> 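Provided herewith is a single structure, encoded as structure tokens, for subsequent inquiry.
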Amino acid sequence: MATPAPSAIVELLKPITWFAPMWAFGCGVVSSGQTPSGQWLVIAAGVLLAGPLVCATSQAANDWFDRHVDAINEPDRPIPSGRIPGRWGLYLAAGWTVLSLAVAAMLGPWILGAALFGLVLAWIYSAPPFRLKQNGWWGNSAVALCYEGLPWFTGAAVMAASMPDRRVLLVALLYSVGAHGIMTLNDFKSVEGDRAMGLRSLPVQLGSDRAARFACLVMALPQMVVVALLLHWERPWHATLIGALLVGQLVLMTHFLKAPRARAAWYNGTGTTLYVFGMLASAFALRPLVQGLAP
């Protein structure tokens with residue numbers, strides 16, 4: 001049986017997609033209120049788990065079960081192009097799942113539980129009979145939670161070795177809700193293939209203009225709630241910074257909404273960058289709250 005080249009395996013695992021969960025994990029570490037001194041090895045293992053393991057698993061599983069759609073949308077990808085031959089795509093996804101669980105088990109029960117939940121979501125997102133990605137409402141929710149909320153929870157739980165503070169969980173959940181809009185932006189590049197294969201992404205269901213407006217709304221509203229919460233928790237400087245980053249996003253959104261399909265990738269590289277900087281600012285705002293330095 002032919003075997004894939006290492007370069008094709010790396011391409012299948014999509015390192016560029018690892019940034020989001022690794023960043024969210026880092027936000028969790030910061031928001032935990034714990035000092036990283038003496039825990040760098042554990043933090044490194046957590047970053048490895050969030051990006052090159054769990055996220056990479058989801059990418060491999062998605063490409064395997066999407067191989068027929070990708071043959072229309074992106075035929076140069078490793079599986080439809082034949083550079084990942086036979087059933088190697090499935091074998092790699094299964095092997096990365098086992099490896100992810102092994103690393104998570106070494107980090108403690110809270111981390112193992114979060115990793116298991118994330119991996120289950122990753123598989124049912126792509127695989128039948130559930131195949132959550134067939135509907136943009138469910139599929140985008142699953143990915144947003146896996147990319148933002150779960151890694152944030154994992155980072156905080158690794159540092160605290162226990163259930164994170166409720167305020168940490170609330171802010172992580174809000175940024176997960178906002179990430180639903182980011183996932184919708186990613187769907188604009190594959191409207192034709194999704195429609196042909198019966199995948200009901202939001203741009204397919206709502207049309208490009210309505211889906212774009214919804215994506216902007218669902219990204220902006222949770223950030224407004226975060227600003228309000230930080231003001232309530234007496235963190236005005238952090239709230240002001242996040243508010244300023246949101247204003248910048250709103251300005252960029254007006255340009256994006258004039259041509260959503262043509263500018264979705266552009267907004268992903270500009271407005272989403274401001275969004276993730278706001279995540280980090282909120283993590284720093286939470287840190288003294290968790291340490292008990294503020295009410």
Side-chain angles (χ1 to χ4, degrees), residues 9-25 28 45-70 73-74 77-79 84 87-107 109-155 157-158 172-173 175-177 179-180 182-187 190 194 197 199-202:
I9 295 175
V10 172
E11 186 177 345
L12 177 72
L13 301 178
K14 297 186 185 69
I16 195 171
T17 65
W18 303 347
F19 169 79
M22 290 166 69
W23 182 273
F25 179 89
V47 170
L48 177 72
L49 180 67
L53 291 178
V54 173
C55 182
T57 298
S58 72
Q59 296 300 328
N62 184 61
D63 271 25
W64 171 255
F65 291 106
D66 257 13
R67 59 195 185 279
H68 305 304
V69 179
D70 289 340
N73 288 329
E74 299 176 83
R77 281 189 171 185
I79 293 177
I84 299 285
R87 298 176 68 82
W88 268 99
L90 180 61
Y91 301 151
L92 287 166
W96 244 252
T97 299
V98 173
L99 182 59
S100 299
L101 289 173
V103 172
M106 292 188 294
L107 294 173
W110 286 107
I111 313 309
L112 177 60
L116 181 60
F117 182 66
L119 289 165
V120 168
L121 282 181
W123 279 91
I124 67 174
Y125 171 78
S126 300
F130 299 101
R131 198 156 163 75
L132 297 180
K133 72 173 299 173
Q134 287 185 310
N135 188 300
W137 299 106
W138 291 107
N140 289 0
S141 297
V143 176
L145 186 60
C146 284
Y147 272 45
E148 304 294 353
L150 278 175
W152 192 313
F153 170 89
T154 303
V158 160
L173 177 61
Y175 276 108
S176 292
V177 172
H180 191 290
I182 299 175
M183 299 306 111
T184 300
L185 295 176
N186 292 330
D187 290 334
S190 55
D194 289 347
M197 299 302 296
L199 297 180
R200 304 183 69 237
S201 68
L202 293 193

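From a predicted model like this one, the values you see are computed outputs, not experimental measurements.
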> Going from CZ on F117 to CG on L145, what distance comes out if it is rounded to the nearest 0.5 angstrom?
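Atom-to-atom, F117:CZ and L145:CG are 5.5 Å apart.
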
> Sequence neighbours excluded, which residues qualify as ring pair (Phe, Tyr, Trp, His ring centres under 6.0 Å) partners of W137?
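With sequence neighbours excluded, W137 shows a ring pair (Phe, Tyr, Trp, His ring centres under 6.0 Å) to F214, given in chain and number order.
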
> Quick one: closest heavy-atom pair of W18 and C55, and the distance?
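W18 and C55 have their closest heavy atoms at CD1-SG, 3.8 Å.
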
> Indicate the atoms forming the closest heavy-atom contact of A56 with L13, along with that distance.
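Closest pair (atom of A56, atom of L13, distance): O-CD2, 3.7 Å.
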
> Closest heavy-atom contact between G46 and F25?
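Looking at all heavy atoms of both residues, the closest pair is CA-CZ, 3.4 Å.
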
> Decide side chain to side chain contact (heavy atoms under 4.5 Å, CB included) for L101 and L112; before the verdict, give the C-alpha distance in whole Å, the side-chain angles of both, and the deciding distance to 0.1 Å.
CA-CA 7 Å; L101 289 173; L112 177 60; 4.1 Å; yes

> How are the rings of W88 and Y91 set relative to one another: parallel (under 30°), tilted (30 to 60°) or perpendicular (over 60°)?
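Answer is perpendicular, since the angle exceeds 60°.
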
> Between S176 and W152, is the side chain to side chain contact (heavy atoms under 4.5 Å, CB included) condition met? List the steps.
CA-CA 9 Å; S176 292; W152 192 313; over 6 Å; no

> Hey, could you give me the CD1/CD distance between I16 and E11, rounded to the nearest 0.5 Å?
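If I round to the nearest 0.5 Å, the distance is 11.5 Å.
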
> Can you name the closest pair of heavy atoms from A157 and I111 and give their distance?
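Between these two residues, the closest heavy atoms are CB-CD1, 3.7 Å.
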
> List the atom of V54, the atom of S100, and the distance in Å for their closest heavy-atom pair.
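The answer is N-OG, 3.6 Å.
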
> Verify side chain to side chain contact (heavy atoms under 4.5 Å, CB included) between N140 and D187, making sure each step is shown before the conclusion.
CA-CA 9 Å; N140 289 0; D187 290 334; 3.4 Å; yes

> Once rounded to the nearest 0.5 Å, what's the spacing between atom CG of L132 and atom CD of Q134?
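Rounded to the nearest 0.5 Å, the CG-CD separation comes to 9.0 Å.
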
> Could you go step by step and tell me if Y147 and T17 meet the side chain to side chain contact (heavy atoms under 4.5 Å, CB included) rule?
CA-CA 9 Å; Y147 272 45; T17 65; 4.0 Å; yes

> Tell me if the CZ atom of R200 is crowded by more than 12 foreign heavy atoms within 6.0 Å.
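No, the 6.0 Å shell around CZ holds no more than 12 heavy atoms from other groups.
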
> Could you pull out every donor-acceptor pair under 3.5 Å between side chains of residues 118-128 and any protein atom, sequence neighbours left out?
residue : atom : partner : partner atom : Å
W123    : NE1  : T97     : OG1          : 2.9
S126    : OG   : N62     : OD1          : 3.2

> More than 12 non-hydrogen atoms from neighbouring residues, nucleotides or ligands closer than 6.0 Å to CH2 on W110, yes or no?
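Result for CH2/W110: open.
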
> Can you tell me how far the CG atom of L202 sits from the CG atom of N135, to the nearest 0.5 Å?
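The distance works out to 7.5 Å.
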
> Under a 4.0 Å threshold between the charged nitrogen and the carboxylate oxygen, would D66 count as salt-bridged to R77?
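Answer for the salt bridge query: no.
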
> H180 and A144: which non-hydrogen atoms are nearest, and at how many Å?
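That would be N-CB, 3.6 Å.
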
> Working to the nearest 0.5 angstrom, can you tell me the gap between M183 CE and S201 OG?
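If I round to the nearest 0.5 Å, the distance is 13.5 Å.
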
> Would you check if R131 and L199 make a side-chain contact, meaning some heavy-atom pair closer than 4.5 Å?
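SC-SC contact between R131 and L199 confirmed.
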
> Using 0.5 Å steps for rounding, measure from the CG atom of L53 to the CG atom of L48.
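Rounded to the nearest 0.5 Å, the CG-CG separation comes out at 4.0 Å.
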
